[in-house]
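Some notes on the structure that comes next.
Count residues from 1 along the sequence.
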Amino acid sequence: MEQALLSGFENWTLRVRPGTSKKVLLLLHGWTGNEDSMTIFIKNFPEDYWIVCPRAPYPAIPSGYSWRMPASKGTWPTLEMFRPSVDALIGMIDRWSVANGLDASGFDAAGFSQGGAMTFTLGVLYPGKVRKMGILSGFAPEGAAQVLSSSLLAKKNIFVSHGVMDEMVPIIMAESAIQILKNAGAQVTYCRSDVGHKLSADCLKAFVRYLVD
């Protein structure tokens with residue numbers, strides 16, 4: 001299996017693992033992460049995917065990167081805070097796919113923690129572009145429920161995983177996100193496990209099964 005190679009595209013820094021088909025899977029890191037953060041999972045994912053791990057555009061404090069501009073400590077991101085990154089990401093993946101002879105008219109996305117909230121926002125703002133979605137130890141950004149109609153996510157099956165002992169993003173936030181998704185017509189595949197703020201081995205296996213199905 002090929003490794004995820006460091007590359008640049010326009011003003012983005014990416015790790016990219018080539019695939020055997022034209023399918024694209026976007027992997028989004030969490031707060032203070034970077035383009036390397038999600039690569040530990042790549043070896044588990046189907047080889048037909050082209051996997052793209054981008055670096056978020058904003059600096060995080062004390063280090064790493066963020067999908068929203070710096071904000072007051074202790075505040076949860078809103079959907080509008082993520083919108084600039086989401087719009088820029090959609091434009092980038094479209095142009096990157098054309099440059100590589102791929103088709104990103106529909107792609108899959110998954111993210112961890114803040115990256116999970118970004119994945120949620122991608123699906124909300126661009127439901128016609130994002131097919132499968134993995135929200136891993138993530139949450140629904142504030143304001144998401146207000147922009148979702150009762151049928152916006154109809155026929156989508158969305159994967160959510162969370163740790164029961166997660167102190168960074170309490171599990172009640174995952175369950176709230178699940179309810180918001182269901183209210184918008186989505187089916188949800190939910191994996192919960194007795195871990196903290198991480199993706200457990202069991203939930204990783206469940207997520208891989210979700211991608212393959």
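Using a distance-only test at 3.5 Å, with no hydrogens or angles considered, no donor-acceptor pair links the side chain of Ser113 to the main chain of Gly115. Side-chain atoms of Thr119 come within 3.5 Å of backbone N or O of Gly111 as a donor-acceptor pair. Here the side chain of Lys198 pairs no donor or acceptor atom with the backbone of Val195 at under 3.5 angstrom. With Lys156 contributing its side chain and Met133 its backbone, the two residues share no donor-acceptor pair below 3.5 Å. Judged by distance alone, with hydrogens and angles left aside, the side-chain atoms of Gln187 form no donor-acceptor pair with the main-chain N or O of Lys155 at under 3.5 Å. Looking only at distances, no side-chain donor or acceptor of Ser176 sits under 3.5 Å from a matching main-chain atom of Ile172. Looking at Ser21, its side chain does come within 3.5 Å of a backbone N or O of Asp48 through a donor-acceptor pair. Under a 3.5 Å cut-off, the side chain of Asp166 and the backbone N or O of Met168 do form a donor-acceptor pair.
With a 4.5 Å cut-off on side-chain heavy atoms, Phe107 and Ile93 count as touching. A 4.5 Å side-chain heavy-atom check between Glu35 and Leu14 finds every atom pair outside the cut-off. The shortest side-chain heavy-atom distance between Trp50 and Arg17 does not fall under the 4.5 Å cut-off. With contacts defined as side-chain heavy-atom distances shorter than 4.5 Å, the pair Leu89/Leu26 qualifies. With a 4.5 Å cut-off on side-chain heavy atoms, Leu136 and Leu204 do not count as touching. Side-chain contact between Thr78 and Pro141 is absent, with no heavy-atom pair separated by less than 4.5 Å. The shortest distance between side-chain heavy atoms of Asn183 and Leu148 does not fall below 4.5 Å. Side-chain contact check for Phe9 versus Arg95: some heavy-atom pair is nearer than 4.5 Å.
Asn34 and His29 make their closest contact through O-CD2, 3.2 Å (heavy atoms, listed as atom of the first residue, atom of the second, distance). Between Ser37 and Gly33 the shortest heavy-atom distance is OG-CA, 3.4 Å. Here the closest non-hydrogen pair linking Pro54 and Met92 is CB-CE, 4.3 Å. When all heavy atoms are compared, the tightest approach of Val130 to Ala109 is CG1-CB, 4.3 Å. Among all heavy-atom pairs drawn from Pro127 and Leu152, the shortest one is CG-CD1, 3.8 Å. Taking each heavy atom of Gly101 and Lys22 in turn, the nearest pair found is O-CE, 3.5 Å.
Each disulfide bond (SG atoms under 2.5 Å apart) pair with one or both residues in residues 104-133, not counting sequence neighbours, would appear here, but there are none.
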Derivation of the side chain to side chain contact (heavy atoms under 4.5 Å, CB included) call for Thr121 and Trp67: CA-CA 11 Å; Thr121 308; Trp67 294 104; over 6 Å; no
Pair Trp76-Met173, side chain to side chain contact (heavy atoms under 4.5 Å, CB included): steps then yes or no: CA-CA 11 Å; Trp76 288 97; Met173 298 188 74; 3.6 Å; yes
Stepwise side chain to side chain contact (heavy atoms under 4.5 Å, CB included) test for Leu125 and Leu79: CA-CA 9 Å; Leu125 297 182; Leu79 184 139; 3.9 Å; yes
Arg192 vs Glu175, salt bridge (Lys or Arg N to Asp or Glu O under 4.0 Å): CA-CA, chis, key distance, verdict: CA-CA 10 Å; Arg192 53 184 280 166; Glu175 292 167 350; 3.2 Å; yes
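Criterion: ILVMFWY side-chain heavy atoms under 4.5 Å apart, direct or through other members. Under it, Leu211 and Ile40 are part of a common hydrophobic cluster. Linking ILVMFWY residues whenever their side-chain heavy atoms come closer than 4.5 Å, directly or via other members, leaves Met81 and Val86 in distinct clusters. Put simply, Met118 and Val52 are part of the same group of oily side chains (I, L, V, M, F, W, Y) that touch within less than 4.5 Å, one to the next. No continuous path of hydrophobic side-chain contacts links Trp12 to Leu5 [ILVMFWY only; heavy atoms under 4.5 Å]. Both Ile42 and Phe112 are part of a single hydrophobic cluster, where members link through side-chain heavy atoms under 4.5 Å apart.
Summarising the geometry, atom CG belonging to Leu27 is positioned 13.5 Å from atom CZ belonging to Arg15; distances are rounded to the nearest 0.5 Å. A distance of 11.0 Å separates CD1 in Ile135 from NE2 in His162, rounded to the nearest 0.5 Å. Between atom CE of residue Met38 and atom SG of residue Cys53 there is a gap of 7.0 Å, rounded to the nearest 0.5 Å. In this structure, OG in Ser193 is found 7.5 Å from CG in Leu199, a value given to the nearest 0.5 Å. Rounded to the nearest 0.5 Å, atoms CZ (Arg55) and CG (Leu28) are 14.5 Å apart. To the nearest 0.5 Å, atoms CG (Leu122) and OG (Ser85) are separated by 9.5 Å.
Taking the six-membered ring where the residue is Trp, Phe139 and Phe82 present tilted rings, their angle falling between 30° and 60°. Between Phe159 and Tyr210, the ring-plane angle classifies as tilted under the 30° and 60° cut-offs. Between Phe207 and Phe45, the ring planes are perpendicular. Angles over 60° get that label, and only those under 30° would be called parallel.
In Lys129, the NZ atom is crowded: over 12 heavy atoms of neighbouring residues, nucleotides or ligands sit closer than 6.0 Å. Taking a 6.0 Å sphere around CG of Leu6, one finds it holds more than 12 heavy atoms contributed by other residues, nucleotides or ligands. Met165 CE: more than 12 foreign heavy atoms inside a 6.0 Å radius. Tyr49 OH: more than 12 foreign heavy atoms inside a 6.0 Å radius.
At a cut-off of 3.5 Å, with distance as the only test, no side-chain donor of Ser200 or Asp202 sits close to an acceptor on the other residue. Side chains of Ser97 and Asp103: no donor on one and acceptor on the other come within 3.5 Å.
Scored by the disulfide (SG to SG under 2.5 Å) test, Cys203 finds Cys191 as partners (sequence neighbours excluded).
Tested against Asp108, the residues Lys132, Lys23, Arg131 include a single salt bridge (Lys or Arg N to Asp or Glu O under 4.0 Å) partner, Arg131.
Residues Tyr58 make up the rest of the hydrophobic cluster containing Met69, defined by ILVMFWY side-chain heavy atoms closer than 4.5 Å, directly or through other members.
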